[in-house]
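Hydrogens, waters and symmetry mates play no part in the numbers below; they use all other heavy atoms, side chains included.
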Amino acid sequence: MSVKISEKTIVSTLEKLEKLNLDEKLHAELSWCWNSYKFDKNPVGVIEKSKQALELLKSKREENSRAVAKKLVEDLEKIVLN
């Protein structure tokens, strides 16, 4: 399973979760999984937490399309769907 995980996308996701004050637990878990991934290159945790972040950011985007960039949602989808 070849997965392309973009550091820029994960960092942007973490920043957006923090800025919008969304789900601090998810932010902490995604951050932990990202740092773990950088060490061991096992993408399972990052993908799982990215799925959760994607759902949350999509729902926030539906409420207010200017709150979350379309590109961020698309980039997260690439991580999750690969």
Side-chain angles (χ1 to χ4, degrees):
M1 176 166 105
S2 176
V3 177
K4 175 103 169 88
I5 297 182
S6 164
E7 179 174 5
K8 182 179 178 190
T9 300
I10 299 299
V11 170
S12 295
T13 301
L14 288 167
E15 288 171 351
K16 186 55 72 173
L17 288 172
E18 187 173 15
K19 181 178 180 186
L20 296 176
N21 210 10
L22 299 173
D23 200 340
E24 290 177 21
K25 182 179 181 215
L26 176 60
H27 181 279
E29 290 172 345
L30 180 58
S31 179
W32 187 90
C33 289
W34 172 244
N35 287 311
S36 175
Y37 170 76
K38 290 193 294 187
F39 177 74
D40 65 13
K41 300 299 182 208
N42 183 346
V44 175
V46 174
I47 292 169
E48 180 182 322
K49 296 304 170 185
S50 292
K51 283 181 187 177
Q52 294 174 12
L54 177 61
E55 299 292 323
L56 189 58
L57 293 175
K58 273 185 171 179
S59 68
K60 196 64 175 175
R61 183 167 166 71
E62 287 174 10
E63 291 173 20
N64 178 1
S65 63
R66 298 182 85 195
V68 179
K70 182 180 178 185
K71 176 145 177 43
L72 178 57
V73 170
E74 290 171 348
D75 289 347
L76 264 177
E77 286 174 338
K78 287 177 190 172
I79 291 172
V80 170
L81 299 176
N82 279 334

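Here T9 contributes atom OG1 and E74 contributes atom CD; the two are 11.0 Å apart, rounded to the nearest 0.5 Å. Between the CD atom of E55 and the CG atom of L76 there is a distance of 10.5 Å, given to the nearest 0.5 Å. The distance from the NZ atom of K60 to the OG atom of S65 is 12.5 Å, given to the nearest 0.5 Å.
The one candidate from V46, I47, N42 that meets the side chain to side chain contact (heavy atoms under 4.5 Å, CB included) condition with Y37 is V46.
D23 has its side chain out of reach of L17: every pair of non-hydrogen atoms, C-beta onward, lies at least 4.5 Å apart. Contact of the L22 side chain with the L57 side chain is registered, since non-hydrogen atoms from C-beta on lie closer than 4.5 Å. No side-chain heavy atom of V11 sits under 4.5 Å from any side-chain heavy atom of K8.
L20 and L56 fall within the same hydrophobic cluster, where Ile, Leu, Val, Met, Phe, Trp and Tyr residues are linked whenever their side-chain heavy atoms come under 4.5 Å apart, directly or through other members.
What you find for K38 and K41 is that their closest heavy atoms are O-NZ, 3.7 Å. P43 and I5 get closest at one heavy-atom pair: CB-CD1, 3.6 Å. Among all heavy-atom pairs drawn from V68 and R61, the shortest one is O-NH1, 2.7 Å.
Residue-environment remark: CD (E24) stays at or below the threshold of 12 foreign heavy atoms within 6.0 Å.
For Q52, the side-chain contact (heavy atoms from CB on, under 4.5 Å) partners are L26, E29, E48, K49, not counting sequence neighbours. With sequence neighbours excluded, the residues forming a salt bridge (charged side-chain N to carboxylate O under 4.0 Å, His left out) with K58 are E77, listed by chain and number. By the side-chain contact (heavy atoms from CB on, under 4.5 Å) test, V80 is found to be paired with S50, K51, L54, residues two or more places apart in sequence or in another chain being considered.
Panel note: side chain S31, backbone H27; no donor-acceptor pair is recorded below 3.5 Å.
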